[in-house]
Novice: 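Got a structure for you, questions after.
Only heavy atoms go into these numbers, but all of them, side chains included; no hydrogens, no water, no symmetry mates.
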Amino acid sequence: MKTTLLAAEKALYTPEAHNDFIWAVVGSPWGLLAIWLAIINIITFCVFGLDKWKAKRKEKNERVRRVPEKTLLLLAALGGSVGALLGMKAFRHKTLHKAFRFGVPVILILQVVLPFGLWLYFSVIR
């Protein structure tokens, strides 16, 4: 009984006070993943808005430098696909480009299906 209690204590950190919640989130891989996804999606959404703003300014001033399409797709691939889709819809930006219209949803599907498939393989099948 004592060995199972020690194993349970090592496996999971349960917060004892309200201030310990932050350490429980930061200390777990799922909490870090959630924080990463929130940050990268907010950044991606904002970069799509920035690029739309720069696209409007470029009509008047040719010296304005836009965000490269590779950067926008890389942000989506790094976990910001939801932010990219929301940015495309909210700012009506890059919706006619095939690379974005089809590429960003494919990235999102891969980001959902691939981890589920890995979990299924390692937890259930194997």
Novice: Just verifying a value: how many Å separate L73 CG and H97 NE2, rounded to the nearest 0.5 Å?
Specialist: 10.5 Å

Novice: Any heavy-atom pair between the side chains of D51 and K94 that's under 4.5 Å?
Specialist: yes

Novice: Of all heavy-atom pairs between T95 and M88, which one has the smallest distance, and what is that distance?
Specialist: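 Closest approach of T95 to M88: CG2-O, 3.5 Å.
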
Novice: To the nearest 0.5 angstrom, please state how far the CD1 atom of I107 sits from the CZ atom of F102.
Specialist: 14.0 Å

Novice: Tell me whether K58 contacts the main-chain N or O of V64 through its side chain, where contact means a donor paired with an acceptor under 3.5 Å.
Specialist: yes

Novice: What I'd like to find out is whether the side chain of E69 reaches to under 4.5 Å of the side chain of F100, using heavy atoms alone.
Specialist: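 The answer is yes, as the side chains (C-beta and beyond) meet within the 4.5 Å cut-off.
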
Novice: When clusters are formed by joining ILVMFWY residues with side-chain heavy atoms under 4.5 Å apart, either directly or through shared neighbours, do L118 and L110 land in the same one?
Specialist: no

Novice: Would L108 and L33 show up in the same hydrophobic cluster when neighbours are defined by side-chain heavy atoms closer than 4.5 Å?
Specialist: yes

Novice: Give the minimum heavy-atom separation between A84 and T44, together with the two atoms involved.
Specialist: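 Between these two residues, the closest heavy atoms are N-CG2, 3.6 Å.
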
Novice: Measure the spacing between CG of L37 and CG of L78 and express it to the nearest 0.5 Å.
Specialist: 11.0 Å

Novice: Tell me whether L85 shares a hydrophobic cluster with L96, the cluster being built from Ile, Leu, Val, Met, Phe, Trp, Tyr side chains joined at under 4.5 Å.
Specialist: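 Different clusters: L85 never reaches L96 through Ile, Leu, Val, Met, Phe, Trp or Tyr contacts under 4.5 Å.
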
Novice: Quick one: salt bridge (charged side-chain N to carboxylate O under 4.0 Å, His left out) pairs with a partner in residues 75-91, sequence neighbours left out?
Specialist: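 As it turns out, there is no salt bridge (charged side-chain N to carboxylate O under 4.0 Å, His left out) pair with a partner in residues 75-91 once direct neighbours are skipped.
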
Novice: Checking ring pair (Phe, Tyr, Trp, His ring centres under 6.0 Å) against F91, which of F45, F48, W53 comes through?
Specialist: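 The option that passes is F45.
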
Novice: Cluster question for you: counting only ILVMFWY and a side-chain heavy-atom cut-off of under 4.5 Å, with indirect links fine, are V113 and V106 together?
Specialist: no

Novice: Identify, with sequence neighbours excluded, every residue that meets side-chain hydrogen bond (donor to acceptor under 3.5 Å, both in side chains) alongside S81.
Specialist: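 For S81, the residues satisfying side-chain hydrogen bond (donor to acceptor under 3.5 Å, both in side chains) (neighbours in sequence not counted) are Q111.
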
Novice: How far does CG of L50 sit from CD1 of I43, to the nearest 0.5 angstrom?
Specialist: 12.5 Å

Novice: Would you say L32 ends up clustered with W30 if hydrophobic residues are merged whenever their side chains have heavy atoms under 4.5 Å apart, either directly or through other cluster members?
Specialist: yes

Novice: Within this structure, what is the CG-CD1 distance for the pair L86 and I42, rounded to the nearest 0.5 Å?
Specialist: 11.0 Å

Novice: Using only atom types and a distance under 3.5 Å, with no angle test, would you say the side chain of N61 pairs donor to acceptor with the backbone of R57?
Specialist: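 No; judged by distance alone, with no hydrogens or angles, the pair does not exist.
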
